Amino acid sequence: METLEFQAEARQLLQLMVHSIYSNKDIFLRELISNASDALDKVRLAAFQDKDLNAETSDLHIELEADKQQRTLTVRDNGIGMSRDEVVDLIGTIAKSGTAELLRKLKESKDSSADLIGQFGVGFYSSFMVADKVTLVTRKAGQSQGTRWESEGEGTYTIDSVDDAPQGTSVTLHLKPEDAEDHLFDYTAEYKIREIVRRYSDFITWPVRLKVEKTENDETKTEFETINSMKALWARSKDEVAEDEYKEFYRHISHDWTDPLEIIQMQAEGTFEYQALLFIPSRAPLDLFMRESKRGPQLYVKRVFIMDECEALMPEYLRFVKGVVDAQDLSLNVSREILQQDRQIQLMRRRLVKKILSTIKSMDAEKYQTFWKEFGAAVKEGLVNDFDNRESILEIASFASTHDPEKPTTLKGYVERMKDGQEHIYYLTGASRSIIENSPHMEAFKAKGYEVLILTDAIDEMWVGSVPEFDGRQFQSVAKGQVDLDTGSDTEEKSKDFAGLLSWMTETLKDNIKEVRLSSRLTTSPACIVGDSNDVTPTLEKMYRAMGQELPPIKRILELNPDHALVTSLRKAHEENKEGAAETAELLYGIALLAEGGELADAPRFTRLLADRLAQAL
Ligand code: ADP
């Protein structure tokens with residue numbers, strides 16, 4: 001027998017369970033039945049795929065057995081089981097992405113911990129909410145040696161080999177004393193077990209059998225009684241299923257303890273039959289933007305579980321959608337590789353996507369706002385990747401805008417508010433709302449009363465470049481191209497007056513800038529930097545470089561405000577050949593860069609020049 005230590009993160013999670021943060025402790029049974037159900041799915045599939053696997057699959061089921069004297073409850077399945085190494089890996093450690101992050105957050109915020117941990121699902125460890133000792137005996141299907149694992153939920157567990165374990169896993173809980181005040185009920189009581197199973201696990205597609213005593217003709221005998229209905233929820237019609245049943249099912253597949261925001265049911269009949277039950281969660285998972293985050297519903301074929309996370313059925317930008325798809329006409333032998341090519345799968349995927357997008361479109365305002373706050377940044381990825389549904393995505397998208405600081409706007413709303421003579425949908429990308437709002441590029445748009453979309457998500461930089469228009473109006477960055485806003489100043493005359501300054505400055509700043517010209521977008525700032533219509537923005541340039549792409553240095557255009565004192569004085573200084581004019585030009589460029597939230601290439605030099613200038617002025 002060996003004594004091993006839990007991985008540090010596992011230990012922390014266990015601590016949370018032992019000193020239980022949940023008031024609802026009943027759910028431990030749901031978690032154990034859920035694991036058992038998965039194990040049965042897996043053994044059926046494994047036996048199907050490997051005819052030589054020596055697995056017993058004739059009577060797959062889950063058994064519950066309570067012992068009032070010993071105060072134990074055992075959950076037993078004859079599923080796939082675990083090898084010794086798997087027990088150590090799967091039960092002794094937590095492999096889930098985002099765990100470290102979650103535990104850090106949990107430590108930071110004491111009050112909302114129950115809320116946070118709900119995003120994560122606790123599985124097997126929830127046993128320690130109700131038990132002070134847990135014994136697990138398991139034998140992997142096809143293997144002869146079994147493994148016995150035991151722990152009191154503190155720092156360590158013991159592990160040992162056993163010879164006579166049946167196939168599958170049994171988990172025996174040595175129950176804590178009953179304590180109604182702490183929501184610790186008598187989990188050996190038949191009525192309690194029935195209640196929990198009916199509530200949380202009724203839809204489990206395997207029989208859950210409870211050992212009960214029956215008295216017939218004065219004779220008492222024990223037998224196993226099936227206490228769940230086993231009806232696959234997705235195959236039942238919507239009015240037959242209670243809202244709560246859907247919610248429990250959602251918990252079962254998603255490990256998210258909050259209710260889903262939206263439940264989507266689809267039943268397609270005819271030549272190509274399938275059922276789908278999809279859920280949009282009410283909040284984003286912690287790993288929504290992590291590279292390894294999984295996606296896709298569970299795939300069943302004729303009620304037989306085939307795989308978790310069937311990515312072929314869901315585009316990446318809808319990776320947060322959970323659920324089940326049950327297809328009638330696929331082979332049980334499908335692999336992930338085959339699925340990617342399969343025409344039926346592609347057709348199904350297309351329909352699922354359309355249905356999800358139309359569901360979002362028909363959400364009421366409050367729901368939609370929650371949805372967009374949680375998932376909008378992911379959905380916008382579809383604007384870049386999903387050409388077919390671009391229009392629909394634009395229709396459901398909303399964006400922060402200068403119109404109302406509190407409320408994002410849809411594009412339709414924007415277009416309705418467009419001013420007479422305004423041709424484009426204007427936007428500015430940047431790191432934050434305040435940087436964008438205060439950027440010099442906005443000045444003339446503000447003065448004209450033109451609304452500007454404020455785009456601050458990383459993905460915004462990508463889609464604005466690839467989406468040409470909405471409702472016939474082009475998207476136009478306020479920081480790109482020539483803007484003719486007719487601000488009233490006589491530009492032609494001014495161009496003549498400033499020609500000397502502009503060509504001299506273009507030469508002076510040629511390492512950083514490709515051209516210096518007069519601006520019609522500025523009302524109060526002396527200068528700003530703009531790109532040509534097709535230029536890559538500085539943020540995008542940075543993103544590309546971070547991804548390891550080689551780019552030639554991108555030079556933009558410096559625009560000057562001919563009415564600003566600094567610019568007119570510089571013109572004079574240049575005409576009079578004053579010393580230091582070149583340095584002032586350089587400072588002017590630096591100021592424009594800082595004003596848009598950019599970074600100076602040589603900050604020490606900039607501050608030195610500026611300090612010198614200030615000293616002189618004083
Ligand atoms: P989760 O179920 O969320 O993955 P758990 O902590 O409940 O997390 O379980 C961890 C892993 O241990 C499972 O993913 C599964 O591989 C394995 N496991 C748990 N219970 C069983 C069981 N009854 N039979 C086989 N494997 C199991």
Side-chain angles (χ1 to χ4, degrees), residues 6-7 9-18 22 27-47 53 55-57 60-65 73-99 102-103 117-131 134-143 146-151 153 157 159 165-173 200-201 204 206 208-209 250-257 285-287 294 298 305 307-309 322:
F6 285 105
Q7 164 211 37
E9 287 169 358
R11 208 160 50 223
Q12 291 178 36
L13 198 57
L14 269 169
Q15 278 299 305
L16 289 169
M17 290 300 117
V18 173
Y22 294 113
I27 54 91
F28 78 92
L29 189 53
R30 168 185 79 193
E31 300 293 307
L32 293 180
I33 291 176
S34 180
N35 281 348
S37 163
D38 292 346
L40 295 169
D41 287 338
K42 284 182 197 157
V43 79
R44 174 165 57 181
L45 192 65
L53 181 75
E56 179 52 59
T57 56
L60 296 175
H61 64 273
I62 299 161
E63 267 173 22
L64 307 179
E65 186 174 340
L73 176 65
T74 299
V75 179
R76 201 179 292 128
D77 68 68
N78 52 356
I80 191 80
M82 285 174 272
S83 67
R84 184 189 175 105
D85 287 350
E86 282 172 337
V87 173
V88 173
D89 281 353
L90 298 169
I91 306 291
T93 66
I94 306 173
K96 276 183 203 120
S97 56
T99 311
L102 175 89
L103 289 167
I117 203 166
Q119 294 181 32
F120 182 66
V122 282
F124 176 74
Y125 287 179
S126 60
S127 313
F128 289 98
M129 296 195 299
V130 299
V134 177
T135 311
L136 175 146
V137 177
T138 184
R139 178 167 68 78
K140 180 130 184 161
Q143 297 184 359
T147 304
R148 185 172 186 278
W149 176 101
E150 193 165 86
S151 176
Y157 59 87
I159 194 155
Q167 170 185 308
T169 305
S170 83
V171 178
T172 300
L173 309 181
Y200 297 113
S201 313
I204 294 286
W206 302 103
V208 177
R209 297 178 190 154
Y250 169 69
R251 275 171 214 168
H252 169 64
I253 57 169
S254 70
H255 299 285
D256 174 5
W257 291 13
L286 291 168
D287 63 357
K294 302 252 175 60
Q298 293 182 338
F305 171 83
M307 67 179 71
D308 275 319
E309 288 128 8
K322 306 278 181 206

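Remember, it's a predicted structure, so these values are computed and weren't measured experimentally. Whatever order the structure lists them in is the order used to number ligands and atoms, beginning at 1.
Evaluated by nearest non-hydrogen atom to atom 2 (O) of ligand 1, the leading choice among Asp308, Ile62, Asn35, Val171 is Asn35. Between Ala10, Ser34, Ala39, it is Ala39 that holds the heavy atom closest to atom 25 (C) of ligand 1.
Between Leu29 and Leu64, the closest side-chain pair of non-hydrogen atoms falls below 4.5 Å. Side chains of Asn78 and Leu40 form a contact here, defined as non-hydrogen atoms less than 4.5 Å apart.
When non-hydrogen atoms are compared, ligand 1 lies under 4.0 Å from the backbone of Leu90 as well as from its side chain. Under 4.0 angstrom from ligand 1, there are no non-hydrogen atoms of Glu86. Residue Asp38 does not touch ligand 1, judged by heavy-atom distances below 4.0 Å.
Residue-ligand proximity, Asp77 to ligand 1, at heavy-atom distances under 4.0 Å covers atoms 22 (C), 23 (N). Counting atoms of ligand 1 from 1 in the listed order, those under 4.0 Å from a heavy atom of Gly123 are 7 (O).
Close to ligand 1: Met82, with a non-hydrogen atom less than 4.0 angstrom away.
Rounding to the nearest 0.5 angstrom, the gap separating the CG atom in Asp77 from the CD atom in Gln167 is 9.0 Å.
Counting only distance, with no hydrogens or angles, the side chain of Arg30 and the backbone of Ser34 share no donor-acceptor pair below 3.5 Å. For the pair Tyr125 (side chain) and Ile91 (backbone), a donor-acceptor distance under 3.5 Å is present.
For ligand 1, the polar-atom distance check against Thr169 finds a nitrogen or oxygen pair separated by under 3.5 Å. For the pair Phe124 and ligand 1, the shortest N or O to N or O distance falls below 3.5 Å.
With sequence neighbours left out, Thr169 forms a side chain to side chain donor-acceptor pair (under 3.5 Å) with Thr138. Looking at residues two or more places apart in sequence or on another chain, you find no ring-ring contact (aromatic ring centres under 6.0 Å, His included) involving Trp206.
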